[in-house]
Structure formats: structure tokens, C-alpha cells
K.L.:
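Have a look at this one before I ask anything.
A, B, ... follow the sequence lines: proteins, then strands. Residue 1 opens every chain.
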Amino acid sequence: MSDTFTDQRFDVARLAIPDWLLKVEGLGKVYGPFDDAVINSTGSGPETAKSPLNGSIVAAWDVSFEVAPGEALGIVGESGSGKTTVLRCLAGDVTPSTGAATIRLGGSDLNMFAADAAERRRLRVDTVSVVYQDPSEGLKMNVTAGGNIAEPLTAAGWRNFAKIRMRASDLLSRTEVPLNRMDDLVRAFSGGMRQRVQIAKALANSPSVVLFDEPTTGLDASVAAGVLDLIRSLLEENRIAAVVVSHDFSVIEMLTSRCLVMHHGRIVESALTDQLLEDPHHSYTQRLVAAARS
Amino acid sequence: MALSDLIDHRESSELLDEFAKREIRRATLAAVAIPGYQVPFGSREMPVARGWGSGGLQITLAVVHDDDTVKVIDQGDDDGVNAVNLRRLVTSSTGADESSIASEATLTQSRHRIPEDGLDETSILVLQVPVPEPLRGVERDMRELARMHAEADYSRMWVSLYEDKVRNGVITQTTGYPCLVNGRYVVATTPIPRWDIPRLHNAPFLTLFGAGREKRIYAIPPYTMVEPLTFEDVPFEVENSDGACCALCGKSESFLVSLPNSTTWLCSDTDWCARQRPAT
Amino acid sequence: MRRDPVLDVRKLCKSFILHAVSGRTVVAFDDVSFSVSAGEHVALAGMSGAGKSSLLKSIYRTYRPSSGEVWLQIHAGDYVNMCALSDIEVATIRGHEIGYVSQFLRSEPRRGALDIVIKSARQRGMNEADARDAAATALQRVGIEERLWDVYTSVLSGGEKQRVNLAAGTVHPPRLLLLDEPLSALDPENRERALVLISSLSHRGVAVVSIFHDLEAIQRLATRVLVLERGHLVAERRPDELDERLTAAAR
């Protein structure tokens with residue numbers, strides 16, 4: 001055939017393909033004692049996360065992926081798949097058993113898992129934000145909407161009351177929370193509104209990474225739709241590296257360009273989101289997609 | 001030699017034994033070395049009820065020498081019942097002199113006020129503190145409190161100041177206003193009023209805080225930065241009595257307190273007030 | 001053999017393994033090779049089920065080919081094999097270089113028409129201001145009036161959705177344009193507009209691979225026709241050599 005081509009690897013840099021901002025390598029979380037045999041007794045093949053050898057639960061194992069700024073990566077799977085474990089390890093709520101999660105900021109790399117608790121907390125203030133399924137996990141219910149947003153701002157050193165108010169009201173208006181509710185206690189808000197406040201708070205210090213854990217599960221369909229639209233436009237506006245965990249393919253489809261499928265703690269498939277939906281390879285993915293389509 | 005010759009009789013009349021004094025002194029030294037840090041100590045039983053100055057008393061007893069001159073005030077008044085009791089306890093068990101004039105005292109123990117004048121580099125001020133933890137209002141868990149201080153993570157405090165200002169238009173805290181000491185630890189300045197807070201900043205005297213019930217000692221060494229927590233665009237304001245004057249001395253430059261159910265104002269610092277009036 | 005094609009497909013195969021049916025294999029197409037140069041319009045013809053849509057999707061990489069190579073020209077003289085790229089590289093290149101108008105009238109729910117086309121233009125590398133202008137032009141070109149620009153596409157008619165997709169696929173003309181039945185829901189007037197648009201793109205050097213069940217469209221637009229039968233490329237024809245059988249039965 002044609003000999004005008006070379007088989008040379010294309011110079012990726014020429015096409016400005018963004019470099020990763022978050023890189024996870026070999027993340028594993030096991031509850032209980034484990035060794036290679038225990039690990040191998042669990043997973044997608046054995047169809048269980050709980051080892052028949054000693055009852056240890058391999059909640060997640062050998063999870064690796066990269067996310068670039070401006071990219072949203074989905075992690076999909078049923079409950080028990082390990083996707084939430086992965087998110088909580090990245091958030092710092094759970095300590096992983098093994099692996100590394102590196103953030104590349106301003107030219108230097110930091111392995112979050114090797115950082116101490118104080119440093120992890122500092123990262124949560126302005127670098128890695130989390131939006132939980134349950135807004136009361138990410139918000140103080142007896143504090144006002146504005147006050148909730150003031151927390152990360154003051155933690156980052158903001159000391160000017162007027163500026164704090166202005167930033168909080170900007171964020172609330174961006175997340176479509178009526179400004180006349182800024183001084184209401186979050187407890188008085190509906191579920192969808194609470195979620196919007198949580199998102200506003202997560203964006204307060206312009207983080208580089210935002211983790212979403214089932215962001216719309218539990219919300220009414222129409223409310224969820226609005227929140228999803230909001231998240232989608234926020235992700236497009238800001239060059240955030242996002243990880244979206246969901247069991248719901250419509251959420252994944254809406255928000256993400258790439259996606260991992262997890263099953264019994266392992267990644268069974270990794271592809272572009274449209275590939276996963278139209279050309280799923282792994283049997284579990286095919287089942288998931290078929291169920292979603294029906 | 002009889003056994004009785006080996007006993008120092010004078011010691012037995014003291015309220016604190018040498019071991020207790022040593023422990024309190026060590027805690028106090030640690031507190032002075034780490035301005036604003038709450039040092040735990042083994043609080044002893046004192047002949048004052050908890051909440052009535054047992055912590056301050058322990059510091060005073062541990063620190064005072066028989067060549068000291070001690071002033072004790074309660075709400076600025078040397079003649080309040082508690083002040084009188086405490087002063088008697090201290091002077092009778094240590095042999096120190098007493099005075100109501102701040103400039104003559106080398107150690108002043110106080111509940112609720114800093115003397116208007118007279119404290120200098122030779123002075124020690126001991127404040128009685130019921131609640132030493134400034135974050136008590138925003139957090140209850142001991143470990144979380146320890147972590148917040150350790151990591152200088154005071155954002156919850158700032159949120160409560162924000163909420164206060166939003167709810168009330170101003171930051172309403174009156175006594176015990178939280179301050180940042182030496183740029184590092186936030187302390188509760190309880191029990192002194194806002195009026196006295198600016199006088200802690202870069203003061204020539206040493207301030208020691210004792211909380212007997214909560215078993216904590218903390219300190220502000222001389223010439224230390226003390227900044228009341230407030231937003232940079234919300235100035236820290238002291239109490240003002242709208243131009244009122246003291247009914248006794250006629251002055252308005254000191255901290256005034258009003259009598260209940262009346263429009264009469266009086267100087268809180270009775271000694272200062274007395275010195276403003278011509279000698280009678 | 002043409003020199004410097006924009007697209008060079010070599011021995012491309014795609015089959016599906018259906019685990020739910022005990023791992024049964026379904027072959028979409030097998031051993032397909034062809035190339036397309038700038039300005040050429042290659043139409044795929046064949047009975048429904050012959051593998052035409054699958055072939056387009058495989059070029060666009062919605063389907064992951066089982067074997068073979070898809071060489072795409074990026075910059076003058078530079079080529080990439082889409083089958084050898086990582087996911088993020090594929091995603092970037094797609095946005096930049098390839099326009100794809102699928103036969104399904106799906107568009108992002110709850111998103112305005114203008115927004116969709118702007119997003120497409122931004123992926124091609126335009127800045128916000130230029131993208132907005134280009135999107136407006138593209139929508140006008142397919143006859144979508146301004147009053148519909150901010151309307152959620154989910155409330156548009158089938159034909160309107162299709163035209164929005166066409167606008168998104170063609171705003172800031174891509175190097176390679178893949179069209180899967182882009183006229184099926186259009187009335188005669190809009191169909192004509194679309195034909196004019198697609199034709200003009202070819203004149204501007206866009207390489208097009210298309211599927212039409214509309215013989216007239218093929219004859220107007222295509223420079224070559226490739227005939228697929230049960231997953232195999234069986235013949236190459238000139239557009240005027242076609243007969244009705246080969247464009248029979250829309251899906």
C-alpha cells in the first residue's frame with residue numbers, strides 16, 4: 001500500500017494534548033490481612049471482593065488512571081464495585097493500603113498518599129475538592145450558605161469580610177442559588193439547593209481537582225437534571241480535572257469523556273465514554289450498558 | 001537531732017507543696033516559651049471553689065516570693081469579697097506584702113480586668129480563666145480541638161465570626177474575645193473586656209492565664225504580638241459608654257461600668273479612680 | 001493509488017463478542033481498505049446491515065476496531081494511526097480534525113443549539129469569540145433561525161436536530177467529515193440547503209465519507225462509491241453507475 005507514511009510515533013506535543021494533572025498508580029484498599037493469594041482469590045473473575053481464604057475484603061485493587069485538566073473521568077459500577085472506595089482514598093477520607101496518587105502542580109509532583117494528615121487537609125482547602133452524594137457530609141447544616149463558603153476561603157487566608165461575601169455570592173449565583181438565601185442556614189434548603197451550595201463551596205478556592213461522588217443520586221429527576229447541567233458547564237468553564245463516580249450511565253454520559261468500569265474492586269474496562277456505551281467489550285460492561293439502555 | 005528539726009515548719013502552712021509548685025512553674029515556663037499554647041497541668045485542690053480563680057491562685061502561689069507585693073482585684077475592685085479572700089490566702093501563706101496600687105505590686109492577680117495603669121516590665125499579671133478554650137463554641141471533641149490548634153486550622157473560628165457579623169451586623173463577642181498570639185495560637189482572653197485587649201499587645205508585663213477547672217495554663221510574654229481576630233475591613237472596637245463619666249472621679253478615660261437599673265457610671269478600676277480624686 | 005490521502009483505512013476489521021449470548025461473535029465488517037483524499041467525497045453504499053454505519057463509527061473510533069489501521073492526516077505530511085492512540089489522544093484529535101454527523105437524532109439534552117455548535121467550534125481550536133461567530137454562521141447555513149438558538153435541542157423536531165448536528169459537524173470545516181444519513185429527516189427545502197453545504201465543503205478540500213440511502217444525493221455529491229456487502233468491500237463504482245438496489249432500504 002502507500003509508503004508515504006512512517007510508523008513513527010506521532011509527536012503528541014504538537015497537538016497540545018494536555019498532560020495529566022492527577023495520576024493514580026496501583027491504588028489498593030483491603031480491609032483485613034492480605035497477601036498475594038488473598039488478592040488473587042478476589043476480583044472480577046472470582047466474582048467477589050471478599051476473599052474466601054480469610055474473609056478480607058479487597059475493596060479496590062490495582063486501580064490506575066490519569067486525568068488531565070479540563071477532562072472529566074467517570075468511574076462507573078454497581079454498589080460494591082469499589083468506585084466509592086477509590087474516590088474516598090483520593091479525597092483523603094480513607095487511607096489506601098497501597099498505591100500512589102500524584103498531583104502535578106506548578107511543575108512539581110506530590111504523592112498525596114505519602115503526605116501527612118495535615119498536608120492532606122491543606123490540599124483539601126485549595127487543590128482537591130470533594131462533592132459528596134449527601135450534602136450534609138460536605139456542609140455544616142447549622143451554618144449559612146455564605147458561611148459554608150467562607151470556611152474554605154478563610155482556611156486559605158481570606159480576611160476581608162466584604163471580599164469573602166462577594167466571592168461567596170458570585171459562587172452562589174454561578175450555582176444558581178438565589179442570593180436572598182445566602183444568609184439562610186443550609187439546613188433550611190432543599191436537597192437540590194444543598195447540593196448546589198456544596199458545589200459552590202467546592203469551587204471556592206478554584207481547585208485543580210474536583211471529585212464527585214454520585215452527585216445527583218437521591219435527587220428528583222428534574223432537580224438532578226439541573227444540577228448535572230450546572231456541573232457540566234462549570235467543568236467546561238474551568239480547567240478542572242474531574243473524577244465523577246456514579247452507578248448511573250446517564251450521569252457519566254453527560255459529564256465525562258472517558259470512563260472506567262469497576263467490578264468487585266477491579267477495573268475491568270477503560271475507554272472513551274461513547275465507546276463504552278456503544279461498543280462495550282467486557283461482559284460486565286455489556287451487562288451494565290444493556291441494563292441502562294432498557 | 002529530733003525528727004521535728006528536719007521539718008521546715010513554715011512549709012506546712014503553705015497551700016501548695018514544693019512538688020506542686022515545681023510542676024506549675026514548669027507548666028508556666030512551657031507556656032511562656034510557647035506564647036498562647038495551652039499547657040495542661042495537674043490542677044490541685046484549692047480552698048476556692050472551681051470556677052472562682054483556683055487556676056490563677058495556683059499560678060500565683062507557685063510564682064510568688066516573700067519579697068513580692070501582691071495586688072488582687074475582682075472586676076477591677078480590690079475590695080470585692082473574692083479579691084479580699086484570695087489576697088489573704090496568698091499573703092498569709094507566703095509572707096508577701098499586699099497593695100492595692102498597681103504600680104507598687106509586682107504580681108497582680110485579677111478576674112475580669114487589667115489595671116488601667118501601673119504595670120511595667122517588673123510586673124506579672126495573673127488572670128483567672130474559667131474557659132481557656134477559644135474554640136469551645138465551635139467544637140467539642142478534644143482531639144479535634146488539639147488538631148485545630150496544632151495545625152493552626154482556625155477556619156471554624158472565622159466562620160463563627162462571619163456568622164456573627166452576618167447575623168448581628170457586628171461581631172458581638174464581649175469578654176473572652178479570641179486573639180492571635182505571636183501570630184500562631186488563638187487564645188481566649190476571657191475574662192477581660194474588649195477594652196483591655198489592645199493593652200495586651202506588646203505589653204511590657206508578663207501575662208499568665210490560669211484555668212483550674214480545665215487544668216490549663218497559658219501565657220503572653222512581654223512585648224508579644226496580640227491581635228484580636230477580626231476581618232481586616234471590620235475594625236476591632238472597644239466598649240464605649242457614649243461620653244459618660246465616672247460619677248466619683250469625673251473622668252471618662254478608663255473602662256466604665258454602669259450600675260444596674262441606673263444611668264450612673266463608675267470606673268471599674270477602683271484604685272485608678274481613687275488616685276484621680278484629690279486626696280481626702 | 002492516490003498520494004497523500006487524508007484518510008487511509010487498511011485492513012480494518014470489526015466484530016463484536018456478545019457475552020450475554022455465550023460469547024457469540026458478530027462480524028460488522030472485515031478486511032476493509034480504502035483511502036480518501038482532500039476534496040474527495042466517498043459514499044458508502046450497500047444494503048442495510050452491510051456494515052456501513054459500523055465502518056464510519058470505527059473510523060471515528062466510537063467502535064474500537066478489532067484489527068487494522070486507520071491513518072489520519074493531521075498536519076501536512078504528519079499521520080497518526082487512530083487505532084494506536086491512547087484514549088485522550090483520540091478524544092483530542094476527534095475534536096480537532098473530524099466532524100461526525102450520526103444518523104441518530106441524538107443531541108445533548110438540555111443544551112441550546114448555539115451552545116452545541118460553539119462547543120464543536122472550540123474543540124476545533126477556535127477561541128470563544130470566533131467560535132460564537134462561526135456557530136451563528138453554521139446555524140444560518142442550515143436554516144436554523146435565531147429564535148431557536150437558545151432552545152434546548154430536546155424540544156426541536158427531528159429535522160431541526162439533524163440540521164443542528166450538521167452545523168456542529170461542519171462549523172470550521174474539519175479535515176475529515178463523516179456523514180451517516182444526514183438528510184433523512186429533512187424536508188425538500190432544507191435537504192437542498194444541506195446538499196449545497198456539503199458540496200461546498202468538498203470544494204474547500206474537506207475529505208468526506210458518507211452514507212446516504214438517497215441515490216440522488218450520492219450522485220450529486222460523491223466522487224466515488226464503495227459498495228459493502230455483508231461486511232466486505234466488494235466493489236468501487238462511479239456515482240453514475242449506481243442503481244437503486246444498492247441504496248435500498250433505510251435502516
K.L.:
Checking A:Ile149 against chain B: side chain, backbone, both or neither under 4.5 Å from a heavy atom?
P.N.:
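Nothing of A:Ile149, per the 4.5 Å heavy-atom cut-off to chain B.
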K.L.:
What pair of heavy atoms forms the shortest contact from B:Ala102 to B:Asp117, and how long is it?
P.N.:
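Heavy atoms of B:Ala102 and B:Asp117 come nearest at CB-O, 3.2 Å.
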K.L.:
Measure across A:Pro178 and A:Met193 and return the closest heavy-atom pair with its distance rounded to 0.1 Å.
P.N.:
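In this case the closest contact between A:Pro178 and A:Met193 is CD-CE, 3.6 Å.
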K.L.:
Counting a contact as any heavy-atom pair under 4.5 Å apart, which residues of residues 205-228 of chain B contact chain A?
P.N.:
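Result: none.
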K.L.:
Counting heavy-atom pairs under 4.5 Å to chain B, which of A:Met182, A:Lys163, A:Lys140 comes out on top?
P.N.:
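Winner by heavy-atom pair count: A:Lys140.
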K.L.:
Please list, in residue-number order, every residue in residues 133-154 of chain B that has a heavy atom less than 4.5 Å from any heavy atom of chain A; write 'none' if there are none.
P.N.:
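Against chain A, the residues of residues 133-154 of chain B that fall inside the cut-off (heavy atoms, under 4.5 Å) are B:Arg147, B:Glu151.
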K.L.:
Checking side chain to side chain contact (heavy atoms under 4.5 Å, CB included) between A:Gln198 and each of A:Val130, A:Asp134, A:Leu139, which is the one that passes?
P.N.:
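The side chain to side chain contact (heavy atoms under 4.5 Å, CB included) with A:Gln198 is passed solely by A:Leu139 among A:Val130, A:Asp134, A:Leu139.
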K.L.:
Apply side-chain contact (heavy atoms from CB on, under 4.5 Å) to the pair B:Trp195 and B:Ile114, showing each step before the final yes or no.
P.N.:
CA-CA 9 Å; B:Trp195 180 269; B:Ile114 297 180; over 6 Å; no
K.L.:
So what's closer than 4.5 Å to chain B heavy atoms on A:Arg122: side chain, backbone, both or neither?
P.N.:
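Contact with chain B: none, neither part.
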K.L.:
Quick one: which of A:Thr144, A:Asp183, A:Ile164 has the most heavy-atom pairs under 4.5 Å with chain B, could you say?
P.N.:
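Going by pairs under 4.5 Å, I would pick A:Thr144.
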K.L.:
Taking A:Ala155, A:Pro152, A:Gly146 one by one, which has the highest count of heavy-atom pairs under 4.5 Å against chain B?
P.N.:
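Winner by heavy-atom pair count: A:Gly146.
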K.L.:
Among A:Arg121, A:Arg165, A:Glu151, who wins on heavy-atom pairs under 4.5 Å with chain B?
P.N.:
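Highest number of pairs under 4.5 Å: A:Arg121.
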K.L.:
Counting C-beta onward and ignoring hydrogens, is there a side-chain heavy-atom pair between A:Val210 and A:Ile231 closer than 4.5 Å?
P.N.:
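No - every pair of side-chain heavy atoms lies 4.5 Å or more apart.
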K.L.:
Do B:Tyr177 and B:Ile171 touch side chain to side chain, with heavy atoms closer than 4.5 Å?
P.N.:
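B:Tyr177 vs B:Ile171: side chains touch.
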K.L.:
With salt bridge (charged side-chain N to carboxylate O under 4.0 Å, His left out) as the test, pick out the partner of A:Glu137 among A:Arg88, A:Lys201, A:Arg194.
P.N.:
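Exactly one candidate clears the test, A:Arg88.
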K.L.:
Go through the atoms of A:Leu153 and report whether side chain, backbone, both or neither lie under 4.5 Å from a heavy atom of chain B.
P.N.:
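Contact with chain B involves no heavy atom of A:Leu153 at all.
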K.L.:
Picking from B:Asp233, B:Val234, B:Thr230, B:Val159, which has the most non-hydrogen pairs under 4.5 angstrom with chain A?
P.N.:
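Option with the top pair count is B:Asp233.
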K.L.:
Salt bridge (Lys or Arg N to Asp or Glu O under 4.0 Å), that's the test. Do B:Arg194 and B:Glu239 meet it? Break it down for me.
P.N.:
CA-CA 7 Å; B:Arg194 288 176 167 222; B:Glu239 294 88 345; 5.5 Å; no
K.L.:
Indicate yes or no: at least one non-hydrogen side-chain atom of A:Ile75 is less than 4.5 angstrom from one of A:Val86.
P.N.:
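They are in side-chain contact.
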K.L.:
Work out which heavy atom in B:Arg111 is nearest to a heavy atom in B:Pro191; give both atom names and the distance.
P.N.:
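Closest heavy-atom pair between B:Arg111 and B:Pro191: C-CG, 4.3 Å.
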K.L.:
Closest approach of A:Glu119 and A:Ala115, non-hydrogen atoms and distance?
P.N.:
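What the structure gives for the nearest pair is OE1-CB, 3.7 Å.
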K.L.:
Applying salt bridge (Lys or Arg N to Asp or Glu O under 4.0 Å) to B:Arg113 and B:Asp269, what does each step give before you reach the verdict?
P.N.:
CA-CA 8 Å; B:Arg113 287 293 330 275; B:Asp269 187 337; 5.4 Å; no
K.L.:
Could you label the plane-to-plane angle of the B:His112 and B:Phe255 rings as parallel, tilted or perpendicular, counting under 30° as parallel and over 60° as perpendicular?
P.N.:
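Correct class here is tilted.
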